[in-house]
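Below, all heavy atoms of this structure are taken into account, side chains as well, without hydrogens, waters or symmetry copies. Since we're looking at a predicted model, the values are computed, not measured.
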Amino acid sequence: MAEIVQQRIENRIPELEQLERVGLFSKKEVKSLLKRATALEYKLHRLIITKVDFIAYIQYEINVLELIKKRRSRIGYQFKREEIEFSIISRINNIFRRATTKWKDDVQLWLSHIAFCKKWNTQGELSKVFSSMLAIHPEKPALWIMAAKSELEDRNSSESARHLFLRALRFHPESKKVYQEYFRMELLHTEKLRKQQKKLEQAEMDFSPEIMTGKLAEVVYRDASGKIQGADFILSLLTIAAIFDFTKDLQDTIIQDLQSKHTDDSLTWDFMAKRELGATVGEELQSAKGRASDMARREERCYQVYEEGLNSLSTEAMWACYVSFCLERFKRKTNVQQLLAVLQRAHDSSLLKEDFYKNWVRRFLMASLQVLLSSGDSEQSVDVWCLALQTMVRLGSGATGKLFQDALTHVNPKSSLPLWQLQVEWSMTSQSPEATEALFQRGLLSAVPAVSMEIKEKYLDWSFGAGGYKKARKTFTSLHENRPFSKAFFTRMIQMEKDQVIEMVTRDCLYGFFPPDLWLEYIREELGPSGQPENCGKIHWRAMKLLEGESVERFTAQYTVLQTGHI
């Protein structure tokens with residue numbers, strides 16, 4: 001072991017001498033470097049060696065390279081690279097090879113070696129590393145793609161890249177990613193040839209028309225589409241082809257295949273619908289009104305294509321595509337009614353999972369509403385919030401309460417009355433009495449008179465329905481002096497009082513009980529501002545007819561006092 005280490009250290013002497021001679025390192029630094037390298041080399045020849053030892057050695061050598069690079073820049077000395085840097089780079093590559101030989105399955109170690117070769121521009125070594133790595137890891141498509149890209153981008157060799165892709169397809173004949181990158185590579189190769197042709201037109205260079213129009217890429221597409229089914233894959237190839245300006249015929253071919261072979265896939269309909277947005281008719285319109293009208297026409301055509309898709313393919317995925325498109329257009333402040341109509345139809349179709357649907361609607365709807373509210377159109381914002389909240393209420397979403405709070409936070413309070421009305425109706429039917437009462441208390445604190453008056457009236461009605469006359473009376477007593485005053489609030493309470501008197505009279509008559517106080521209360525109500533005083537005589541006559549004994553005397557006395565205005 002010592003002999004091998006000694007030999008490796010002696011091999012360093014020429015480069016160390018050059019470092020000292022040209023002034024990049026001092027004599028003391030050379031001795032320190034030699035001592036450190038000897039220690040690291042001995043670690044690689046122990047009986048038990050670890051990957052950490054190799055990595056530490058490699059990192060040390062790379063640090064030396066970086067230091068040399070900085071000192072060259074500082075002193076302006078650029079000679080003797082072969083004797084110094086090349087020797088160190090060669091040694092690092094050798095250490096990497098020793099490590100990858102021992103730990104063949106460590107892909108990260110291979111990738112580190114590749115990164116080093118790229119950084120220090122050792123193209124010959126880079127190809128060897130890729131070749132060795134692929135021989136050990138042919139089952140990983142990503143490594144084949146990386147190797148082919150390296151040949152194309154780093155070595156500018158389309159032929160080598162094509163050869164690697166073809167080898168990769170032998171191991172992975174149904175790999176979408178390999179086919180996609182192979183397809184892209186052929187198009188890049190064609191683009192490069194077209195640029196060369198443009199530069200060399202005067203030299204009358206002969207270029208094959210088939211190659212120059214992307215026929216090689218079309219061959220790859222035909223092979224790929226024959227082995228891999230699915231609109232998503234075909235669309236991915238179409239997206240790649242659309243990047244290049246010479247692929248119109250190829251794109252038309254792919255689109256024709258989509259329309260003829262993949263109409264059972266929602267992605268095909270989604271693509272065809274969205275494609276209508278980019279369709280152009282005639283010259284570009286200059287006026288804003290003309291552009292808006294044209295965009296509306298395109299959007300209408302999109303909706304028609306989606307409807308056609310739903311007629312032939314009514315699936316969860318198809319609905320999801322349609323709803324997603326409507327939400328996207330909604331973010332652009334268009335077609336609110338269309339969005340909510342589609343959301344409701346999607347929900348009614350029972351094809352979307354309920355929990356997923358509710359969460360999806362809430363998340364995207366909130367994001368979309370934020371975009372709309374940023375426009376500052378308060379009236380339109382309230383309308384949109386109301387439509388959105390009505391949809392959420394119909395769905396029975398647990399997030400409706402939070403959505404109401406967000407709506408009241410973002411909408412101008414002066415325009416918030418419809419939101420309060422909708423929230424009160426929702427709370428009365430869906431929330432606990434405690435939660436509903438708390439909502440009324442919050443509404444009463446509104447600084448907008450129209451809101452607080454409406455809440456007072458609703459609160460009174462709800463109190464009567466929830467707790468009867470006593471609760472309504474209690475609510476009225478606590479609120480009747482609170483401003484702003486509402487005539488409807490007082491009128492409603494008077495009606496409740498009258499209804500209560502009539503109910504008591506009817507009930508007592510049915511059971512044969514005729515208390516004089518009740519008759520007087522009845523007469524007092526009729527004498528009130530909302531009563532009919534002409535009925536008092538009839539009530540008095542009936543009371544005198546039905547009351548007996550002491551009740552007659554008590555009633556007569558109290559009625560006399562009432563007439564004199566003392567009670």
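- Remark: aromatic rings of Phe325 and Tyr303 are close, center separation under 6.0 Å.
- Using modelled atom types, one finds no donor on one side chain facing an acceptor on the other under 3.5 Å when comparing Ser266 with Asp270.
- Looking at His172, its side chain never comes within 3.5 Å of a backbone N or O of Arg167 through a donor-acceptor pair.
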Audit row: Lys119, Glu66, salt bridge (charged side-chain N to carboxylate O under 4.0 Å, His left out) steps and yes/no: CA-CA 11 Å; Lys119 182 174 181 179; Glu66 295 287 355; 2.7 Å; yes
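- Between Asp265 and Leu313, the shortest heavy-atom contact is C-CD2, 3.7 Å.
- There is no side-chain donor-acceptor pair under 3.5 Å between Gln431 and Thr436.
- Remark: side-chain polar atoms of Ser416 are paired, donor with acceptor, to backbone N or O of Pro413 under 3.5 angstrom.
- Under the side-chain hydrogen bond (donor to acceptor under 3.5 Å, both in side chains) test applied with Gln251, the options Thr247, Asp249, Thr253 reduce to a single match, Thr247.
- Side chains of Gln123 and Asn121: a donor-acceptor N/O pair is present below 3.5 angstrom, by distance only.
- Ser90 contributes no side-chain N or O that, together with a main-chain N or O of Phe86, makes up a donor-acceptor pair within less than 3.5 Å.
- In this structure, Phe440 and Tyr459 have parallel ring planes: the angle between them is below the 30° cut-off, well short of the 60° mark.
- Counting heavy atoms from C-beta on, the side chains of Glu191 and Asp245 never come closer than 4.5 Å.
- Other residues, nucleotides and ligands contribute at most 12 non-hydrogen atoms within 6.0 Å of the NZ atom of Lys102.
- Taking 4.5 Å as the limit, some side-chain heavy atom of Ile455 sits within range of a side-chain heavy atom of Val451.
- Checked against the 6.0 Å centroid threshold, Phe130 and Trp110 do not count as a close aromatic pair.
- Side-chain contact between Ile92 and Leu65 is present, with at least one heavy-atom pair separated by less than 4.5 Å.
- Contact check for Thr268 versus Lys261: no side-chain heavy atoms found under the 4.5 Å cut-off.
- With no hydrogens or angles considered, a side-chain donor-acceptor pair links His113 and Asn93 at under 3.5 Å.
- The side-chain heavy atoms of Leu250 and Phe244, taken from C-beta on, include no pair separated by under 4.5 Å.
- Side-chain contact of Ser127 with Arg155: a donor-acceptor pair under 3.5 Å is present, judged by distance alone.
- Taking the side chain as every heavy atom from C-beta outward, Glu181 and Trp144 never approach each other to under 4.5 Å.
- A donor-acceptor contact shorter than 3.5 Å links the side chain of Ser225 to the backbone of Arg222.
- With respect to Asp294 and Arg297, a salt bridge is recorded, a charged nitrogen being found less than 4.0 Å from a carboxylate O.
- When each of Arg162, Lys192, Lys215 is paired with Glu186, the salt bridge (charged side-chain N to carboxylate O under 4.0 Å, His left out) condition holds for Arg162 and for no other.
- Tested against Trp103 for a side chain to side chain contact (heavy atoms under 4.5 Å, CB included), the candidates Arg98, Lys51, Gln108 yield a single pass: Lys51.
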side-chain contact (heavy atoms from CB on, under 4.5 Å) evaluation trace for Leu417 with Val448
CA-CA 9 Å; Leu417 179 58; Val448 181; over 6 Å; no
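- When all heavy atoms are compared, the tightest approach of Leu187 to Ala217 is CD2-CB, 3.5 Å.
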Exercise. Under the salt bridge (charged side-chain N to carboxylate O under 4.0 Å, His left out) criterion, do Lys176 and Asp232 qualify, and how do the steps go?
Worked result: CA-CA 10 Å; Lys176 293 182 180 180; Asp232 59 334; 3.2 Å; yes
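- For the atom pair CG (Leu188) and CD1 (Ile243), the distance works out to 8.5 Å, reported to the nearest 0.5 Å.
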- Task: Let me see the working for Leu238 and Phe233 under side-chain contact (heavy atoms from CB on, under 4.5 Å), right down to the final yes or no.
- Result: CA-CA 9 Å; Leu238 179 60; Phe233 176 64; over 6 Å; no
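- The aromatic ring centres of Trp269 and Tyr306 sit 6.0 Å or more apart.
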Is there a side-chain contact (heavy atoms from CB on, under 4.5 Å) between Thr213 and Thr190 once you walk through the steps?
-> CA-CA 7 Å; Thr213 55; Thr190 301; over 6 Å; no
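- Side-chain contact check for Lys456 versus Leu460: every heavy-atom pair is 4.5 Å or farther apart.
- Side-chain contact check for Gln304 and Arg301: at least one donor-acceptor pair (N or O, by modelled atom type) lies under 3.5 Å.
- The shortest distance between side-chain heavy atoms of Ile255 and Phe271 falls below 4.5 Å.
- In this structure, a donor-acceptor pair under 3.5 Å is present between the side chains of Gln59 and Asn63.
- When all heavy atoms of His189 and Ser158 are compared, the closest pair comes out as ND1-OG, 2.9 Å.
- Between the side chains of Ser446 and Ser452, no donor N or O sits under 3.5 Å from an acceptor N or O.
- Ring-plane geometry between Trp319 and Tyr322 is classed as parallel, the angle between the planes falling under 30 degrees on a 0 to 90 degree scale with a further cut at 60.
- The line from CG of Leu169 to OH of Tyr179 is 4.5 Å long, rounded to the nearest 0.5 Å.
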